[in-house]
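What follows is a set of notes on a single structure, which appears directly below.
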Amino acid sequence: MPRSGWGMRYAVLFTLGLLAACDTPSPAFHGVPAHRVTVGGSDFTIRVKGLRAEAIRTNPQWAPRMAATAPQGVAAIEAVSGCRVARMTGDQAIMQARLDCGDGPPPAALFPLELECEAYEIDTGYGALDCRPYP
């Protein structure tokens with residue numbers, strides 16, 4: 001009996017849909033410019049809107065836990081926003097943060113910037129962050 005091929009077509013469309021959703025912002029961050037940052041081997045897409053930020057981890061990692069990816073997410077958000085992360089929620093793939101910028105909202109980004117960052121000594125929850133523009 002010949003097959004129509006519809007099942008294969010749906011499987012391909014479903015797979016493409018999943019791949020396209022890997023970097024899709026939540027509705028609250030739709031239309032906000034994205035900044036790509038690498039921290040400690042983890043790749044993030046960061047969006048900042050007022051005193052809120054969203055970090056989407058875009059690289060594959062085997063069974064990461066929030067405790068393992070949160071320090072890199074915080075460092076990535078702080079590098080892009082220029083503000084301190086006051087509160088973080090989410091999971092190991094999508095993190096949302098409340099920002100503490102001192103006297104008001106974070107400064108607006110002058111241009112889309114991609115950074116590559118290295119975090120040092122992040123096991124204690126604190127550490128140093130070294131960022132350079134991504135070529």
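Computation of the quantities below employed the complete heavy-atom set of this structure, encompassing side-chain atoms and omitting hydrogens, waters and symmetry-equivalent molecules.
- Judged by distance alone, with hydrogens and angles left aside, the side-chain atoms of Glu54 form a donor-acceptor pair with the main-chain N or O of Ser26 at under 3.5 Å.
- Shown here are the side chain to side chain contact (heavy atoms under 4.5 Å, CB included) partners of Ala86, two or more places apart in sequence or in another chain: Arg84, Asp100.
- Residues that satisfy the side-chain hydrogen bond (donor to acceptor under 3.5 Å, both in side chains) test with Glu78, not counting sequence neighbours, are absent from this structure.
- For Arg98, there are no salt bridge (charged side-chain N to carboxylate O under 4.0 Å, His left out) partners at least two apart in sequence or on another chain.
- Val32 and Met88 fall into different hydrophobic clusters, defined by Ile, Leu, Val, Met, Phe, Trp and Tyr side-chain heavy atoms under 4.5 Å apart, directly or through other members.
- For Thr45, the side-chain hydrogen bond (donor to acceptor under 3.5 Å, both in side chains) partners two or more places apart in sequence, or in a different chain, are Asp23.
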Check your understanding: Can you check side-chain contact (heavy atoms from CB on, under 4.5 Å) on Met95 and Thr69, steps first, answer last?
Key -> CA-CA 10 Å; Met95 301 168 215; Thr69 58; 3.5 Å; yes
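- Every side chain to side chain contact (heavy atoms under 4.5 Å, CB included) that Ala70 has, sequence neighbours left out, goes to Met66.
- For the atom pair CG of Leu51 and SG of Cys83, the computed distance is 7.0 Å after rounding to the nearest 0.5 Å.
- Gln72 contributes atom CD, which lies 11.0 Å from atom OG1 of Thr38 (distance to the nearest 0.5 angstrom).
- Closest non-hydrogen pair, His35 versus Pro33, comes out as CD2-O, 3.9 Å.
- Ala28 approaches Arg52 most closely through the heavy-atom pair CB-NH2, 3.6 Å.
- Nearest heavy atom pair, residue Gly50 against residue Leu99, reads O-CD1, 4.1 Å.
- Nearest approach of Ala67 to Pro71, heavy atoms of both residues: O-CD, 3.4 Å.
- Ile77 and Phe29 fall into different hydrophobic clusters, where Ile, Leu, Val, Met, Phe, Trp and Tyr residues are linked whenever their side-chain heavy atoms come under 4.5 Å apart, directly or through other members.
- The two residues Ala55 and Phe44 come nearest to each other via the heavy atoms CB-CD2, 4.1 Å.
- For Asn59, the side chain to side chain contact (heavy atoms under 4.5 Å, CB included) partners at least two apart in sequence or on another chain are Ser42, Asp43, Arg57, Gln61.
- In this structure, Ile56 and Arg47 have side chains that are in contact, with non-hydrogen atoms separated by less than 4.5 Å.
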